[in-house]
Student: 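Please find one structure pasted underneath; my questions will follow.
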2 protein chains.
Amino acid sequence: MAVTLADVAARAGVSSATVSRVLNGNYPVAGSTRERVQRAVAELDYVVNGQARALAAATSDLVGVLVNDVADPFFGLIASALQAEVGVGAAEPGGKLTVVCNTGGSPEAELTYLTLLERQRAAGVVLTGGAVDSPAHSEAVTARLARLAASGTRIVLCGRPPLTLPGDSGPLTTLAFDNHGGARRLTEHLLSLGHRRIGYVTGPAERSTTGHRLAGHRAALEGHGMGPGTEAGADADQLIVHGGYDRDAGFDATLELLRRDLGVTAIVAANDTVALGVCAALRDRGLSIPGDVSVAGFDDLPFSADASPALTTVRIPLQEAGARAGRLVMGRITPPPGGVATITTELMVRGSTAPPATGRS
Amino acid sequence: MAVTLADVAARAGVSSATVSRVLNGNYPVAGSTRERVQRAVAELDYVVNGQARALAAATSDLVGVLVNDVADPFFGLIASALQAEVGVGAAEPGGKLTVVCNTGGSPEAELTYLTLLERQRAAGVVLTGGAVDSPAHSEAVTARLARLAASGTRIVLCGRPPLTLPGDSGPLTTLAFDNHGGARRLTEHLLSLGHRRIGYVTGPAERSTTGHRLAGHRAALEGHGMGPGTEAGADADQLIVHGGYDRDAGFDATLELLRRDLGVTAIVAANDTVALGVCAALRDRGLSIPGDVSVAGFDDLPFSADASPALTTVRIPLQEAGARAGRLVMGRITPPPGGVATITTELMVRGSTAPPATGRS
DNA sequence: AGGCGTACAGCAAGCGCTTTCTTTCTGCTT
DNA sequence: AAGCAGAAAGAAAGCGCTTGCTGTACGCCT
């Protein structure tokens, strides 16, 4: 049915081995022969069978990238930049297809996709987004990754905590986001504006990023003598509401926070999407931003700068990270010393944060 | 290196044919044998080699989806819903991997990816987003699709104009978005509010959706006696600024529109992302929304409802469309009669549109 | 002029699986 | 008791490609 190498060979009057060599260009072929073969290829519209090639050459044209949610620009930005690197001139030798695997944050889906990618003998796998903080799951993932790595699949963690494979030398190649530092600077910014009652809406409890950002927030508070042990931090836990990484979680959590009536003058959201929900809830309750309550997010997604008011947030250079992950997984650049590189974050102060109306300092 | 069928067979004391049959479950195997094989599979952590299987069985575990920009939630939503269908219990037989191909709107990239997918003998291909309106490109795409279709690849167009393959029976399976009707109703809404000077920021000139939406807009104007031939529509073309599908295009186009000083009381944006830029530009010039100028978008992306003011827009049920495209490409549902189904759009009136301050009616 | 290195091109052996065809056995029928 | 259907398992032929090895010319050396 489809045109095969043999068809091309017959047409060009050579053996299929020669055609293969012309196509792959890694073996001397006489100019005239090469030309004849190329003409035959063009005339027959020959397209190589990727699976047969992969089987014979023990290679793969697939790179997998695991994301929690493709519809979320956070992952979209990473994936898009990554693909631009991985698929560079995808027609050229070396250009790979990107398999985007939407785990929906589910550990089972994550494992399933890793198996599927192993089945396809993927050339590389990039894991993005915070890991699920569960020893059992972490162990299962590690086991899968170890097998993948053993079979030559390149593995890159992007925005995940470093991971060390058993019996391996050093941790996996990792691009770690500085969630802790970013969150700390963000809360310090609010403190320096004069806020003392700062609400915090967390991400999903089980994700590692949630913990890291919250820890940064707490570190800032402690730096100002507002740690859990102090008088000022007596009801610190009350100021924290657990949520998730979507807009509705932010909305609900904010209503809950307001219900607690703690006199918050600022709310830090786990990320920009959550901040969207926080703002919606505040407006729903007739509160102005930043007049009544300041709001801050995390990630600096594209829509955040254009929000009204523009959202104060912490910028993660997602596109750079994605591009770098792409280059790493393709082996085009060497991993950072020690395997782990930290992607720095930057505080973006915008209109959604201002000094509190009534200085409680 | 990797565990093969033969290894499993040896361990279970059967032939590799039997192991294959146990794995695929499409042939009678005695219970005891089956059990023995399954134990061997588990003990050896056997994972089938997808390429070998694909080669032998002439099948594929890949479904490609072409998008203009993964980072754009418009495509993200489609892709995510699609993948949920396609990969259902991806471990189960029939579950496919989704290859997301980011064309960046480039016709060349589109063709390249189609070739790559053909090379991988993809089981299905979904093309999303407006097509590039160019006879040459359209012809090239059609040729590629014809070959894919001939080799058994299922093809689905989602949000693209229908396409008929040469010498084929009827058009390709298509989910067409009602861009025209949506745009018409949107502009009618503005007209009914009393707006008469309505600016329009288009999408990229070469995309089919751009034309369809603009045509809907014009149809509404004509319905109100404001067609290009009429007095009221004398400078209709001046009110239209050509842009693109990103935020910056909306920003720049709006500045251009304001520079023309046509007294616009409302601006329709090609989509919600563009509307973001439109709003930013208006604010930049000290204009309030909707006090000074009403703004409307298209698509109803998640952030639009939470914008301030909430954006009036036209909702496209992207997730439904994506899910349906997924089911179609998997052959789980039968194509609509005639091959083409229209996805209806819905006007979402929100806070960003209001009657003009000074009725010019 | 004989021999040898070199540059091409072909042969053929797989890569790891699926699947057709065949064989082997068991259990029935007549 | 002979024969046969049917179930279960094996043998082996590919799927379309890559690649190590083996030819076969040619041009060059001494």
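Naming convention: chains lettered A, B, ... in sequence-line order (proteins, then strands); numbering from 1 in each chain.
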Student: Just how far, in rounded Å, is P of D:dG16 from CZ of B:Arg121?
Tutor: 8 Å
Student: Of all heavy-atom pairs between A:Ala81 and A:Gln319, which one has the smallest distance, and what is that distance?
Tutor: CB-O, 3.1 Å
Student: For residues B:Val340 and B:Ala176, report the shortest heavy-atom separation together with the two atoms involved.
Tutor: CG1-CB, 4.5 Å
Student: Provide the closest heavy-atom pair for A:Thr18 versus A:Val29 in the form atom of the first, atom of the second, distance.
Tutor: CG2-CG1, 4.4 Å
Student: Rounded to whole Å, please give me the gap between CG in B:Leu23 and C1' in C:dC17.
Tutor: 10 Å
Student: Whole-Å distance between D:dC17 P and B:Arg53 CZ?
Tutor: 21 Å
Student: Starting from C1' on C:dC17, measure out to CG on B:Asn24 and report it in whole angstrom.
Tutor: 9 Å
Student: Looking at D:dC15, I'd like to know if its phosphate oxygens (OP1 or OP2) sit under 4.0 Å from a side-chain N or O belonging to A:Asn49.
Tutor: no
Student: CG of A:Asn26 versus P of D:dT18: gap in Å, rounded?
Tutor: 9 Å
Student: Is there a donor-acceptor contact under 3.5 Å linking the side chains of A:Ser151 and A:Arg121?
Tutor: no
Student: Mind calculating the distance between CG (A:Leu5) and C1' (D:dG16) to the nearest angstrom?
Tutor: 7 Å
Student: Hey, what are the protein-to-nucleotides 8-11 of chain D N/O distances that come in under 3.5 Å?
Tutor:
{"residue": "D:dA9", "atom": "OP1", "partner": "B:Thr33", "partner atom": "OG1", "Å": "2.1"}
{"residue": "D:dA9", "atom": "OP2", "partner": "B:Ala30", "partner atom": "N", "Å": "3.0"}
{"residue": "D:dA9", "atom": "N6", "partner": "B:Tyr27", "partner atom": "OH", "Å": "3.0"}
{"residue": "D:dG10", "atom": "OP2", "partner": "B:Ser15", "partner atom": "N", "Å": "2.7"}
{"residue": "D:dG10", "atom": "OP2", "partner": "B:Ser15", "partner atom": "OG", "Å": "3.0"}
{"residue": "D:dG10", "atom": "OP2", "partner": "B:Thr18", "partner atom": "OG1", "Å": "2.8"}
{"residue": "D:dG10", "atom": "N7", "partner": "B:Arg21", "partner atom": "NH2", "Å": "2.7"}
{"residue": "D:dG10", "atom": "O6", "partner": "B:Arg21", "partner atom": "NH1", "Å": "3.4"}
{"residue": "D:dG10", "atom": "O6", "partner": "B:Arg21", "partner atom": "NH2", "Å": "3.0"}

Student: If I take atom CD in residue B:Glu118 and atom P in nucleotide D:dG16, what distance separates them, rounded to the nearest angstrom?
Tutor: 14 Å
Student: Show me, range against range, the stems involving DNA chain D, built from at least 3 consecutive Watson-Crick or G-U pairs below 3.5 Å.
Tutor: C:1-30 with D:1-30
Student: If I compare all heavy atoms of A:Ala341 with all of A:Arg324, which pair ends up nearest, and what's the gap?
Tutor: CB-NH2, 3.3 Å
Student: With a 4.5 Å limit on heavy-atom distance, are the side chains of A:Asn49 and B:Arg119 in contact?
Tutor: no
Student: Quick one: closest heavy-atom pair of B:Ala9 and B:Val19, and the distance?
Tutor: CA-CG2, 3.6 Å
Student: Is B:Glu110 paired with B:Arg160 through a side-chain N to carboxylate O contact shorter than 4.0 Å?
Tutor: yes
Student: In this structure, how many angstroms lie between the C1' atom of C:dC17 and the CZ atom of A:Arg119, rounded?
Tutor: 13 Å
Student: Would you name the heavy atoms of B:Val125 and B:Val329 that are closest together and state the gap between them?
Tutor: N-CG2, 3.7 Å
Student: For B:Thr4, which contact category applies under a 4.0 Å heavy-atom criterion: base, sugar-phosphate, or nothing?
Tutor: sugar-phosphate
